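What follows is a single structure, written as structure tokens, with notes after it.
The analysis underlying the following values was restricted to heavy atoms, covering all of them including side chains, and did not include hydrogens, waters or symmetry mates. What you are looking at is a predicted structure, and each value in this text was computed from that prediction instead of being measured.
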Amino acid sequence: MHTDWMEFVKNTTQLNLSEQDRLRRFLRFYYQQFDGIFALNSDHKKWLSSHEMQINEEKIHLTSHWIHEQPDINKKYNIHNLHRELGLDENKPQPTLFFAGRISKEKGIFDIPEVVRAVKKAIPDIKMFIAGTGPAEYTLRKEFPEATFLGWIDKKKMAKLYHSLDLFIFPSRFDTFGNVVLEAFGHGMPVIAYDIKGPKDIIEDNKNGFLVTDKDEMAEKIIHYFSDQIDRDNFKKNAIQRCLSDDYQAKTIMENIQKNIGLI
């Protein structure tokens with residue numbers, strides 16, 4: 001189960017509650033046909049076995065994604081040229097925020113301007129960088145002209161951005177996992193996200209990132225992260241360690257899948 005169809009319908013269609021419930025009943029019939037279901041987060045596992053879906057809990061298995069490029073703790077990046085390209089002052093380090101992904105409404109990207117503007121009241125020189133393209137890009141550029149839009153970025157440059165910028169904002173309430181969280185962690189970049197399915201299973205709050213309930217708390221935690229109370233180097237180390245844990249290793253994930261479908 002990869003897509004949260006109920007959440008998708010609520011955010012992208014005009015279906016009323018009765019029509020949404022009809023879809024839920026169809027999904028229940030559909031998923032009940034299978035001998036087993038793999039879910040990408042603990043919330044979906046609970047939902048599938050709840051009274052709404054009525055699937056035997058023994059048929060539901062948790063699984064994960066993994067990133068193909070494993071973290072290299074000792075790898076060094078020359079970030080000076082990148083900083084100059086991004087317009088950052090090397091003599092006076094500036095706090096930086098980063099978002100990468102599809103620029104579309106369901107990704108929560110329209111929360112970012114409000115959050116960053118609230119942060120700027122406490123940290124006036126903070127910079128926001130946005131990588132990616134999508135159907136909402138023109139509207140976001142218009143609403144958030146003070147951000148730096150980088151467009152589509154290749155993997156090599158993306159790795160440098162993860163490594164050299166400070167904190168990743170993940171404002172989506174739609175994603176069922178959040179590969180980008182692992183990608184950021186793999187390069188030592190902590191992540192702030194909403195405390196919802198997917199991210200809350202990956203992020204360890206106040207250790208390698210933050211889990212928040214709304215835009216106001218997101219702004220507060222960003223300000224807190226750049227305060228003297230936070231050991232940011234430790235957050236970065238913890239992010240890498242989380243990515244390296246068995247939970248997100250291809251070998252472990254594939255062995256569990258084979259075990260759960262009876263191959264081993």
Side-chain angles (χ1 to χ4, degrees), residues 1-8 11 27 31 34 36-49 59-73 75 98-104 106-109 131-134 152-159 161-163 167-205 207-211 235-236 238-261 263-264:
M1 179 181 175
H2 183 274
T3 301
D4 187 332
W5 290 112
M6 298 307 299
E7 192 71 24
F8 179 79
N11 282 280
L27 288 172
Y31 285 123
F34 295 98
I37 302 171
F38 289 91
L40 286 166
N41 61 73
S42 55
D43 279 10
H44 273 171
K45 183 177 180 181
K46 291 176 185 175
W47 179 69
L48 288 166
S49 62
K59 290 184 175 183
I60 309 165
H61 313 289
L62 273 179
T63 189
S64 299
H65 290 304
W66 66 85
I67 58 172
H68 293 288
E69 185 179 347
Q70 287 297 294
D72 183 350
I73 298 173
K75 189 170 184 178
F98 187 42
F99 169 84
R102 178 174 166 80
I103 302 179
S104 55
E106 72 271 10
K107 294 291 186 179
I109 48 94
T133 59
W152 183 86
I153 301 293
D154 63 34
K155 288 184 179 181
K156 187 175 181 180
K157 187 171 182 179
M158 187 68 76
L161 288 166
Y162 281 134
H163 184 78
L167 182 65
F168 193 92
I169 297 184
F170 190 60
S172 175
R173 295 182 182 273
F174 170 73
D175 287 68
T176 55
F177 185 78
N179 277 31
V180 72
V181 176
L182 278 186
E183 290 172 4
F185 277 4
H187 293 90
M189 177 178 274
V191 179
I192 185 166
Y194 291 125
D195 189 8
I196 58 163
K197 61 183 182 300
K200 78 176 189 180
D201 288 342
I202 307 171
I203 297 170
E204 298 165 302
D205 189 40
K207 183 176 179 182
N208 49 35
F210 300 99
L211 294 167
F235 265 66
K236 293 175 182 180
N238 291 337
I240 291 174
Q241 290 305 316
R242 181 63 172 150
C243 189
L244 286 170
S245 68
D246 279 347
D247 293 342
Y248 305 112
Q249 300 306 304
K251 183 175 184 294
T252 304
I253 293 167
M254 292 309 299
E255 283 179 352
N256 285 334
I257 287 175
Q258 292 178 74
K259 179 181 177 182
N260 287 323
I261 63 177
L263 290 181
I264 57 174

With sequence neighbours excluded, what pairs up with [X] under the side chain to side chain donor-acceptor pair (under 3.5 Å) test?
{"X": "K157", "answer": "E85"}
{"X": "W47", "answer": "E52"}
{"X": "D4", "answer": "H44, K197"}
{"X": "K45", "answer": "none"}

Exercise for the section: Could I get the full list of side-chain contact (heavy atoms from CB on, under 4.5 Å) partners for Y31, not counting sequence neighbours? Expected result: M1, W5, L27, I37, L48, M53, I55
Practice task
Return the set of residues passing side-chain contact (heavy atoms from CB on, under 4.5 Å) with A239 (not counting sequence neighbours), or none when no residue passes.
Solution key: F185, N208
Practice task
Begin from the C-alpha positions of D247 and R242 and carry the test side chain to side chain contact (heavy atoms under 4.5 Å, CB included) through to its verdict.
Solution key: CA-CA 9 Å; D247 293 342; R242 181 63 172 150; 3.2 Å; yes
Practice task
Look at the side chain of Q249 and the backbone N and O of W66, then say whether any donor-acceptor pair between them is shorter than 3.5 Å.
Solution key: no
Exercise for the section: Say whether, by atom type as modelled, one donor and one acceptor occur between the side chain of N41 and the main chain of T176 under 3.5 angstrom. Expected result: yes
To the nearest 0.5 Å, how far apart are [atom1] in [X] and [atom2] in [Y]?
{"X": "D205", "Y": "L211", "atom1": "CG", "atom2": "CG", "value": "5.0 Å"}
{"X": "S172", "Y": "R102", "atom1": "OG", "atom2": "CZ", "value": "12.0 Å"}
{"X": "F98", "Y": "L161", "atom1": "CZ", "atom2": "CG", "value": "4.5 Å"}
{"X": "S64", "Y": "I202", "atom1": "OG", "atom2": "CD1", "value": "7.5 Å"}
{"X": "N260", "Y": "I60", "atom1": "CG", "atom2": "CD1", "value": "12.0 Å"}
{"X": "Y248", "Y": "N179", "atom1": "OH", "atom2": "CG", "value": "11.0 Å"}

So which heavy atom on [X] is nearest to which on [Y], and how close?
{"X": "G186", "Y": "C243", "answer": "CA-SG, 3.8 Å"}
{"X": "K236", "Y": "P190", "answer": "CG-CD, 4.0 Å"}
{"X": "S104", "Y": "I109", "answer": "O-CG1, 3.3 Å"}
{"X": "D246", "Y": "T252", "answer": "O-CB, 3.4 Å"}

With [X] via ring-ring contact (aromatic ring centres under 6.0 Å, His included) - residues at least two apart:
{"X": "F235", "result": "F210, Y225"}
{"X": "F34", "result": "Y30"}
{"X": "F177", "result": "H65"}
{"X": "F170", "result": "none"}

Practice task
Side-chain contact test, heavy atoms from C-beta onward, threshold under 4.5 Å: evaluate it for H187 versus F168 and give yes or no.
Solution key: no
Practice task
Determine whether I103 and T133 make a side-chain contact, defined as any pair of heavy atoms from C-beta on separated by less than 4.5 Å.
Solution key: no
Problem - Evaluation steps, side chain to side chain contact (heavy atoms under 4.5 Å, CB included), between N256 and F38 - result: CA-CA 11 Å; N256 285 334; F38 289 91; over 6 Å; no
Completion exercise
For residues 167-194, the salt bridge (charged side-chain N to carboxylate O under 4.0 Å, His left out) pairs (sequence neighbours left out) are K107-D175
Exercise for the section: Show the numbers, then the answer: is there a side chain to side chain donor-acceptor pair (under 3.5 Å) between S42 and D201? Expected result: CA-CA 7 Å; S42 55; D201 288 342; 2.9 Å; yes
Fill in the blank from the handout: Residues passing the salt bridge (charged side-chain N to carboxylate O under 4.0 Å, His left out) test with E255, sequence neighbours excluded, are K251
